[in-house]
Structure formats: C-alpha cells, structure tokens
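One structure below.
Sequence lines set the chain letters: A, B, ... in the order given, protein chains first and strands last, and positions in each chain run from 1.
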Number of protein chains: 2
Amino acid sequence: MEQDSRLAGTVRPGGRTARVRAAVLEATQDELVLHGFHGLSMDAVAARAGVGKTTVYRRWAGAAGLVADLMTELADQSAAHADTGSIEEDLRANALSVLAAITDERLGATLQAVIAAATCDKEAAAALSTFYERRIREWGKSVDLAIRRGELPEGTDGHEVIRAISAPLYYRLLVTKEPVDKATAERSATRALVAARNGAFID
Amino acid sequence: MEQDSRLAGTVRPGGRTARVRAAVLEATQDELVLHGFHGLSMDAVAARAGVGKTTVYRRWAGAAGLVADLMTELADQSAAHADTGSIEEDLRANALSVLAAITDERLGATLQAVIAAATCDKEAAAALSTFYERRIREWGKSVDLAIRRGELPEGTDGHEVIRAISAPLYYRLLVTKEPVDKATAERSATRALVAARNGAFID
DNA sequence: CCCCTAATGGGTCTCTAGTTCCGTTAAGAT
DNA sequence: ATCTTAACGGAACTAGAGACCCATTAGGGG
C-alpha cells in the first residue's frame with residue numbers, strides 16, 4: 001500500500017498527472033470545508049475533482065493520505081519570518097499570521113483536518129510535525145536577531161518563544177473551543193515577550 | 001435521533017442499565033487505546049462490552065456520541081485545585097496534573113479521541129468545552145488566592161494563567177507531535193508564573 | 001411473590017466506502 | 001508523425017457499518 005503520494009517520483013509527471021493532482025487536492029479542501037475530516041470520502045473528492053475514484057485510490061493511501069499530502073503541499077508555501085527591527089512587532093506579526101491561518105476558511109479547515117488525521121495516522125502526523133518544525137525554525141530567526149540587537153537576554157531559546165505564541169491559539173481552537181480573535185493573538189505575543197524579557201526562555 | 005446519552009432521564013436506571021453503560025464506556029476506552037477515534041466502531045465496542053450492538057446504537061448517537069459521553073463522565077471525576085500556600089507550587093502541580101492526564105494510556109487516548117471527535121461533532125465539542133471550562137475555573141482559584149496573598153499583582157486573570165500553562169503541553173501533543181515530559185511541564189508552569197508576576201496577565 | 005413493561009439482544013437487511021479488473025486515453029520518446 | 005506504455009476511468013464486486021424487527025430478559029412497583 002506504499003504509494004508515493006508526491007508528484008516527485010512519478011515516471012510521467014506531464015500535464016495530465018499534474019492537473020489531476022491539483023484538481024484532487026483542490027477538491028479535498030472544498031470537501032474539508034464542507035464536511036471536515038471525519039466526513040471526507042474519497043468518492044466525494046473524486047466526483048468533485050471530476051476524476052475517476054480509481055485514480056484517487058491509486059495515488060493516495062486514504063483520506064489521511066490525502067490531507068497529509070495537502071499539508072506537505074502547504075508547507076512549501078509557508079511565509080518567511082518578519083524582520084521589522086523590533087522584536088515586539090515581529091512577534092506580533094507571527095501571532096497575527098497564525099491567527100490568519102486558523103481563521104481562514106479553507107486553510108483553517110485543512111489545518112484542523114490534518115490535526116484530526118494526525119491523531120490516528122502516522123503519515124499525517126509526520127507531515128504536520130514537519131510543517132511546524134520548519135515554521136518554528138524560520139520564525140525563531142526573529143528572536144535570534146533580537147538577541148543580537150540586545151532586545152532579549154543572551155541564551156533565550158527562540159524556538160520556544162515561537163511555540164509559546166502559537167500554543168494558546170491552538171489550545172483555544174482545538175481544546176477549549178473558545179473563539180480566537182485579534183486581541184487573543186496580540187495578548188499571546190505580548191505574554192511571550194514579557195516572559196522572554198524576564199529570562200523565562202533561557203535554557 | 002435525539003437520545004439522552006446520560007443516565008439521568010432514563011426511566012428505569014436500575015442495576016442492568018447502569019452495568020451496561022459502565023461496560024460500554026469501559027470498552028470504548030479500550031478500543032480507543034487500540035485503534036483511536038478514527039478506528040472506533042460501535043460493533044467492536046458492543047462486542048468487547050459483551051452487549052448487543054442494538055443496545056449501543058439505541059443509547060448513543062454514534063462514535064462521536066460515545067466519546068462525548070465518556071468525556072462528560074470524566075468531567076465529574078476531575079480533581080480539585082492545589083492549595084500549597086505557594087503559587088509556584090500550585091502552578092507546578094497543575095502542569096503535572098495535565099502531564100499525568102495526557103501521558104496516561106487510557107486517559108490520554110480518550111482525550112485525543114474527544115479532541116478529534118470535536119473537530120467534526122457538535123456534541124463532542126460541547127463536552128470538551130465544558131470539561132475545560134470547569135477545570136480552568138477550578139484551578140483559577142489557586143491564582144486568586146495567590147493574588148490575595150500578594151504573590152501576584154492585583155487584576156491578574158487567573159483563568160488565563162491556567163490556560164497559559166496547559167496550552168504548550170496540548171500544542172506539543174496535538175500539533176507539533178513533540179514528546180511531552182516532566183521538564184516540559186515544569187517549564188510551562190515557570191514561564192506562565194514569570195509572565196504573571198510581571199503583569200502580563202492583567203486585563 | 002407476581003405482573004407489567006422498560007430495556008436488551010439476536011438476526012437480518014440495506015447502503016456506501018473501498019477494491020479490483022480491464023479497456024481507453026494521452027504523455028513523451030524516437 | 002507514430003508508437004509504446006504510464007496513467008486514467010467506468011463498472012462490477014466485496015465487506016462492514018449502521019438501521020430495523022421482534023422475541024426475550026429482568027427491574028421494580030403492587
């Protein structure tokens with residue numbers, strides 16, 4: 001059942017194959033917005049994509065494989081870290097980019113689907129893990145620059161600061177189901193900053 | 001399809017009914033540990049519980065209803081907040097109790113299942129939300145006591161402090177899939193405390 | 001202790017997700 | 001332009017989840 005759910009590795013990656021892949025991933029997102037991961041059926045995805053369901057089953061391992069591939073695709077589009085010259089502004093920008101991601105209808109539904117898939121599927125878990133590892137490493141640079149500018153104490157763990165900003169937003173989204181708005185995001189950034197300035201993120 | 005998934009409201013809550021309910025919820029947890037929410041089938045639960053599957057379908061709306069009921073059940077067992085006289089110790093105790101919950105095989109699997117179910121099911125989402133609302137309110141008292149003792153500044157939002165402690169642990173568990181250990185939990189408590197002492201949780 | 005009926009359980013039926021088979025289409029090499 | 005074969009798609013098939021019917025069991029009131 002080990003299919004290469006990436007385009008890379010296909011023997012004939014010409015126009016049709018690429019078109020089918022794009023249509024299927026697009027349709028997957030539409031279905032996720034409508035029915036969530038639990039209600040995602042390969043059949044519906046194939047129909048919406050205007051593609052034979054045999055094709056979908058051949059190229060992807062299952063519903064979890066679909067969302068895992070989608071996540072891998074999105075990982076390549078993730079943005080570079082902010083560099084405004086002020087750590088306060090950079091962290092604020094980070095919090096707002098997380099907010100934008102989880103409140104966007106398509107992206108938010110996709111993220112929740114991957115997270116749901118990751119609770120039971122190894123492939124989805126790996127895709128998710130890779131995505132955030134990359135994101136945390138990227139935005140950690142903002143913290144490193146701030147340390148060099150003297151805005152934050154030497155030894156501050158940048159990756160942990162970035163995690164600390166996202167964590168409360170995902171916690172609300174996934175666990176307590178409280179609404180996540182701009183004020184929540186900004187508070188999260190501020191709190192992480194205060195803790196960091198006071199040396200709470202030194203190893 | 002509106003079934004009363006609680007014992008309350010049943011006309012004849014005698015020995016057998018209670019036994020069936022207990023056996024089914026017990027079996028549900030076993031199945032969750034083995035196969036996760038995605039692989040939870042009413043059929044398997046009924047078989048493991050030694051109960052007719054008709055009975056399970058009659059009393060619970062579906063797989064999501066089962067885990068929602070399980071969560072409601074667990075909500076009644078949640079522990080009271082710590083009161084050691086030191087906010088540092090109380091918050092540490094809170095972080096460790098979260099750690100214990102998510103690392104326990106049965107409880108952890110159940111929590112992840114409810115969280116997965118909540119991404120697509122309203123009932124599960126409500127059960128989850130209620131559980132954490134109660135927990136946050138309960139442990140928020142530790143913070144209120146600390147304010148009265150002068151350990152934390154006046155106006156500190158206790159509920160937010162408690163959320164700030166749990167958030168990084170759930171973030172790792174659900175999103176980044178990094179391991180969650182004792183050191184992680186203690187750091188989380190410390191960081192929230194540092195931020196709180198410096199007024200980051202004043203409204 | 002006996003009766004009434006709420007509650008359970010076995011058996012069956014249906015419907016849909018997922019699988020397989022094989023003919024058809026179109027990349028892309030020569 | 002033409003040929004080879006990777007990739008696609010329609011259709012039939014299988015399995016398992018969930019719904020339903022009706023006979024059986026056991027609370028709990030009288």
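One interatomic measurement links the two molecules: CH2 of B/Trp60 to P of D/dA17, which rounds to 18 Å at whole-angstrom precision. If you measure from atom NE2 of A/His35 to atom P of C/dA17, you get 11 Å, rounded to the nearest angstrom. Going from atom CZ of A/Arg19 over to atom P of D/dA6 covers 19 Å, rounded to whole Å. Rounded to an integer number of Å, the gap from CG of A/Asp43 to C1' of D/dA11 is 13 Å. Whole-Å rounding puts the B/Arg16 CZ to D/dT24 P distance at 15 Å. With rounding to whole Å, A/His38 atom NE2 is found 12 Å from C/dA17 atom C1'.
The environment of NE2 in B/His38 is sparse: at most 12 heavy-atom neighbours from other residues, nucleotides or ligands sit within 6.0 Å.
Ring centroid separation for the pair B/Phe37 and A/Phe37 does not come in under the 6.0 Å cut-off.
When each of C/dG9, D/dG27, C/dT19 is scored by its nearest atom to the side-chain atoms of A/Tyr57, the top-ranked nucleotide is C/dT19. Set against C/dG9, D/dA17, C/dA7, the side chain of B/Ser41 has D/dA17 as its closest nucleotide. For A/Arg58, counting side-chain heavy atoms from C-beta on, the closest listed nucleotide (D/dA17, D/dC8, C/dT8) is D/dC8.
Taking the nucleotide of DNA chain C with the nearest heavy atom to each of B/Thr54 and A/Lys53, the more 5' of the two is matched to B/Thr54.
A/Arg59 has a side-chain polar atom (N or O) that falls below the 4.0 Å cut-off from OP1 or OP2 of D/dC8. Considering only side-chain N and O atoms, A/Thr55 lies under 4.0 angstrom from the phosphate OP1 or OP2 of D/dG9.
With respect to A/Arg92 and A/Glu88, no salt bridge is recorded, no charged nitrogen being found less than 4.0 Å from a carboxylate O. For A/Arg106 and A/Asp30, the salt-bridge test passes: some basic side-chain N is under 4.0 Å from an acidic carboxylate O.
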